[in-house]
Amino acid sequence: MEKIWLQHYPAGVPAEIDVERYASLVDLMDDAFKRFPDRPAYTMMGSTISFAQVEEGSRALAAYLQGLGLEKGDRVALMMPNVPQYPIAVAAVLRAGMVVVNVNPLYTPRELEHQLKDAGAKAIVIIENFAATLQQVIAHVPTKHVVLAAMGDMLGFPKGALVNYVVRKVKKLVPAFDLPSAVRFNDALKAGRRRSYKAPAMAPTDIAVLQYTGGTTGVSKGAVLLHRNLVANTLQADAWYQPALRKIPAGEQVVSICALPLYHIFGFTTNMMLSMYSGGCNVLIPNPRDLNALFKELSRHRFHSLPAVNTLFMAMAHHPGFDTVDWSHLAISVGGGMAVQQATAKLWLEKTGCPICEGYGLSETSPIASCNPTDTTAYSGTIGMPVPNTELKLLDDEGQEAAPGTSGEIAIRGPQVMAGYWQRPDETAKVMTADGFFRTGDVGMVDERGYFRIVDRKKDMILVSGFNVYPNEIEDVLTQMPGVLECAAVGVADDKAGEAVKVVIVKKDQALTEADVKAYCEANLTGYKRPKIVEFRTELPKTPVGKVLRRELRDKK
């Protein structure tokens, strides 16, 4: 396909950018530390840390990790919500030449054990709220070094102590745990300040992040994101955002609301790395589901950028606290992770005057592959055009380019595309073409302007509030439950989350109830993977060779 989209690029957005401007994310961060030392980098609950403080803290933590005997290329897991310790830990791990393994803090012990084992993580930085989960698996994983953060660590005295007291004693959000060898985050920083940090030589082909994503086999696998992948996508996002950012008065620092979890690749790149590169400030939202706290935080700030998923835009637009916030400086709202619904886009534009620009990407693409123009004023219902240095094309079932005007599997090629799946060459081979395109599993169409639209999903993945849920994993968990003979999981439409998980179960034990199933899933699956609908049947619909007909289960609610 010819790059017809280039003729429709917004004014000032180049077709190609210099994605080799930095050899690594470490170079990008070091440059930011030099250029913006006194600027606020992160703010939370009224406390702010500067770029210089991120530099100093990450240098100390990097020295601490090196002092443990960890070496370049070793994997370090990070399991925290959006708190200042997270970006400090990311910078530390990368500056030590090690690999960030992003972990969802809400993981169950089963999910956490798989990821730590699969990544071979030698160390973990974890917030104490989830330490009890780690305690259950620590004996079975290669992770021997534990750095333990607390919610108030970076908030100063007395605020930090007060926040920790409320979190632990009043809200009781820290279950009892026993990790005797764990070192407190602030103690690790103190120890690191007494040690010397050795900056390793970094190359664009070094691994920066293992970003875990579900698999068609039901096993979560790590997308290998190199330094060059994430540098490229940060610079691509910056170039694409420029038409919207030009609305901000010259010299004014760009303030972004960071409600996307930083352990998710969307927040990692579009909040943390993009703001690092451009000298912006992130307002950290530890729990975006607590809308009252979210609006209380938003009402304190003059902000310009808000990346989010459809569910959050919709929940915010309907919340009674909406009018307590000054939306007049909002220059860019980017929707990703899941489809932006027309009703959400319409209401958001009416209430804020700032349209939602829908983009598209995956963990495997760092994540941004395409986006609507950021100076758009109308809802397009598309995923926009490929960003600079990026090609999208549609493939038929034989892997050939689909005929014009027909649908096909969206395939992506660009400097942001992953190196492959961690230690899974067989899985990598399934998704990468000989000429370097990544096959997404999403079926799309393209119009005469080069705008792409998703029309179906080739794989059986379920998309819950922007998170990938793979039916095989749910089925694998449930078939281990006593009383379940067989089961199938499918996605069904859901007003709030886009899709919800539905499971259809054939009982082995007739006494099995919906409550039993939901309790079992609560113990074994993260919240967004748990079934909202449980249905019992005497048999599952199958093909002649015995394959479950998921589409039939989806169609019959």
Side-chain angles (χ1 to χ4, degrees), residues 32 36 38-58 60-61 78-92 102 104-106 125-130 147-168 170-171 173-174 184-186 188-189 253-264 266-268 270-276 279-308 312 316 321 324-326 329:
F36 315 116
D38 301 326
R39 284 193 191 180
Y42 297 95
T43 182
M44 184 181 90
M45 299 181 189
S47 292
T48 298
I49 59 169
S50 67
F51 279 82
Q53 287 171 295
V54 176
E55 193 283 327
E56 191 279 329
S58 63
L61 188 57
L78 305 181
M79 188 170 173
M80 291 173 277
N82 291 358
V83 291
Q85 298 95 304
Y86 203 110
I88 287 174
V90 167
N102 279 318
N104 184 334
L106 300 178
V125 185
I126 182 171
I127 199 156
E128 63 182 7
N129 306 48
F130 308 104
V147 177
L148 203 56
M151 192 63 83
D153 280 344
M154 308 297 293
L155 301 180
F157 186 82
K159 185 184 289 182
L162 180 62
V163 166
N164 284 341
Y165 178 81
V166 170
V167 168
R168 292 166 183 163
V170 180
K171 295 189 176 178
L173 294 175
V174 182
R184 286 283 171 182
F185 187 86
N186 286 343
L189 292 188
Q253 185 183 23
V254 177
V255 176
S256 299
I257 300 302
C258 187
L260 292 168
L262 289 171
Y263 60 80
H264 192 285
F266 188 14
F268 189 95
T270 61
N271 278 103
M272 183 165 53
M273 287 304 163
L274 182 57
S275 291
M276 178 71 71
C281 178
N282 271 298
V283 178
L284 295 174
I285 308 294
N287 179 15
R289 290 184 179 179
D290 184 349
L291 288 170
N292 291 329
L294 170 64
F295 279 106
K296 186 178 174 186
E297 187 68 63
L298 260 55
S299 67
R300 297 173 169 158
H301 300 281
R302 172 174 171 148
F303 56 90
H304 312 95
S305 172
L306 175 59
L312 184 59
M316 290 172 73
T324 63
V325 173
D326 176 8
H329 304 283

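These numbers were taken from a predicted model, which means no experiment stands behind them. Index from 1, following the sequence.
Nearest heavy-atom pair, Leu284 versus Val83, reported as atom, atom and distance to 0.1 Å: CD1-C, 3.6 Å. Of all non-hydrogen atoms in Pro87 and Leu262, the two that sit nearest each other are CD-CD1, 4.2 Å. Among all heavy-atom pairs drawn from Leu306 and Met316, the shortest one is CD2-CE, 4.1 Å. Taking each heavy atom of Ala91 and Ser58 in turn, the nearest pair found is CB-CB, 3.5 Å. Met273 and Val90 get closest at one heavy-atom pair: CE-CG1, 4.0 Å. Between Phe185 and Ile88, the shortest heavy-atom contact is CZ-CG2, 4.0 Å.
For the 3.5 Å distance criterion, the side chains of Tyr86 and Asn102 qualify, holding a donor opposite an acceptor.
His304 contributes atom NE2, which lies 7.0 Å from atom NE2 of His329 (distance to the nearest 0.5 angstrom). Taking CD of Gln53 as the start and CG of Asp38 as the end, the distance is 10.0 Å to the nearest 0.5 Å. Once rounded to the nearest 0.5 Å, the distance linking CG of Asn164 with CG of Leu155 reads 8.0 Å. Annotation: the span from Asp290 atom CG to Phe295 atom CZ amounts to 11.0 Å, rounded to 0.5 Å.
Residues Asp326 and Leu298 have side chains not in contact (no heavy-atom distance under 4.5 Å, counting atoms from C-beta outward). Two residues are said to be in side-chain contact when any heavy atoms from C-beta on lie closer than 4.5 Å; Glu128 and Arg168 meet this criterion. Looking only at side-chain heavy atoms (C-beta outward), Pro286 and Met44 come within less than 4.5 Å of each other. The shortest distance between side-chain heavy atoms of Tyr42 and Met272 falls below 4.5 Å. The closest side-chain heavy-atom distance from Met151 to Leu173 is not below 4.5 Å. Considering only heavy atoms from C-beta on, Lys171 stays 4.5 Å or farther from Val167 through its side chain. Considering only heavy atoms from C-beta on, Phe303 comes within 4.5 Å of Val325 through its side chain.
For Arg289, there are no salt bridge (charged side-chain N to carboxylate O under 4.0 Å, His left out) partners two or more places apart in sequence or in a different chain. Here Thr48 pairs with Pro40, Thr43 under the side chain to side chain contact (heavy atoms under 4.5 Å, CB included) rule; sequence neighbours left out. Residues passing the side chain to side chain contact (heavy atoms under 4.5 Å, CB included) test with Ser305, sequence neighbours excluded: Ser256, Pro307, Ile332. In this structure, the ring-ring contact (aromatic ring centres under 6.0 Å, His included) partners of His264, at least two apart in sequence or on a different chain, are Phe467. Judged as a salt bridge (charged side-chain N to carboxylate O under 4.0 Å, His left out), and not counting sequence neighbours, the contacts of Glu297 are Arg300. Applying the ring-ring contact (aromatic ring centres under 6.0 Å, His included) test to Phe36 and every residue at least two apart in sequence or in another chain returns Phe51.
The main-chain N or O of Ala150 is found under 3.5 Å from a side-chain atom of Asp153 such that the two form a donor-acceptor pair. Between the side chain of Asn129 and the main chain of Val174, no donor-acceptor pair closer than 3.5 Å is present.
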May I have the step-by-step check of side-chain contact (heavy atoms from CB on, under 4.5 Å) for Met80 and Val125, ending in yes or no? CA-CA 8 Å; Met80 291 173 277; Val125 185; 3.7 Å; yes

Tell me, with the steps shown, if Leu291 and Leu312 meet side-chain contact (heavy atoms from CB on, under 4.5 Å). CA-CA 9 Å; Leu291 288 170; Leu312 184 59; 4.1 Å; yes

Would Cys281 and Arg39 count as a side-chain contact (heavy atoms from CB on, under 4.5 Å) here? Give the steps. CA-CA 8 Å; Cys281 178; Arg39 284 193 191 180; over 6 Å; no

Just do the side-chain contact (heavy atoms from CB on, under 4.5 Å) check on Arg184 and Val147 with the steps written out, would you? CA-CA 6 Å; Arg184 286 283 171 182; Val147 177; over 6 Å; no

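Applying the side chain to side chain contact (heavy atoms under 4.5 Å, CB included) test between Cys258 and each of Val283, Thr270, Asn82 identifies Asn82 as the sole match.
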